[in-house]
Structures are given as structure tokens and as C-alpha cells.
Amino acid sequence: MAQIPLPRPYQDTAPYWAAAKEHRFILQKCRDCGEPQFYPRGVCSHCLSSALDWIEASGKGTVYSFTVNHRAPHPGFAGKTPFVLAIVALAEGPRMMTNIVDCDPETVKVGMAVQVTYDDVTEEVTLPMFRPA
Ligand code: ZN
């Protein structure tokens, strides 16, 4: 069976994926302006500073927007439909594209409280996802 496309960690994202593998959810926070950001990158998306720290995030958020996907966008998703593709507003502020899991897709609503959970897809890669809080 085909594997879903998986992230390939590199310098800017490796700490994020290493934490996910340990079932920890971390975000970057700028040392200069104090803003947190997602996705991980080399500079602050608010002030372009490269002074970025990693913080332990709460793993809490709310559904900002979502769609229920009924067609597999890649052979690796065959058998996984329907699934919820969502944008979650993290409690710390940034928004994150993710999946809402562990519930009937038809029960997902905008504004619903969600909490991070982890899908250990392979020995090397764990994907943070969200489930109803
Ligand atoms: Zn900044």
C-alpha cells in the first residue's frame, strides 16, 4: 500500500519533528518581538529576526476552518477517506493546517475546541494532529 507523503525535516524544521516524535508540540517564538509562529522557518514572520526560540505549546486550539475530504488526493490516502482537513487556531495564536481525527467528520464544527494528538506514521515520522478536546 502506498505511503502518504511525509515531511522531510531540514535545519529549520528538525527540532519540530524531533519533538513530535516524542509526542511534544513545540512552536517557534521570536526573542526580539515575542511573537510565536507556525510553520517553523529560519526567520520571524513578524519582524524578520533570526533570534528564534522553541517553546512548549499547550496543544490546545479551536477549529478555524475545515473541509471534509471524500476523495483521496494521493494513493497513500486510499482507505483514509472521508477525513477532515482543517485550519486550527492554536491557543498561542498561529494557525496550523492539520487533520481533525478521532471523531465522526460530520460532527466537526468551526469554533470547536481541539487538542493535539499524535499519529506515529513510521518509525521516523510522527504527525501532530488534533482531536475534539
Ligand atoms: Zn519577531
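One-based numbering, in listed order, for ligands and for the atoms of each.
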Item to check | Ion pair check, Asp53 and Arg31, cut-off under 4.0 Å | outcome: yes
Checklist entry - Quick one: how many protein N/O/S atoms are under 2.8 Å away from the Zn ion (ligand 1)? => result 4
Checklist entry - Parallel, tilted or perpendicular for Phe83 and Phe77, by the 30°/60° rule? => result parallel
Next on the checklist: Between Tyr16 and Tyr39, does the ring-ring contact (aromatic ring centres under 6.0 Å, His included) criterion hold? Intermediate values first, please.
Outcome noted: CA-CA 9 Å; Tyr16 175 80; Tyr39 54 91; over 10 Å; no
Next on the checklist: Ring-plane angle category for His23 and Tyr118, please: parallel below 30°, perpendicular beyond 60°, tilted otherwise.
Outcome noted: parallel
Item to check | By salt bridge (Lys or Arg N to Asp or Glu O under 4.0 Å) - contacts of Glu123 (at least two apart) | outcome: none
Item to check | Donor-acceptor contact below 3.5 Å, side chain Gln28 vs main chain Leu52 | outcome: no
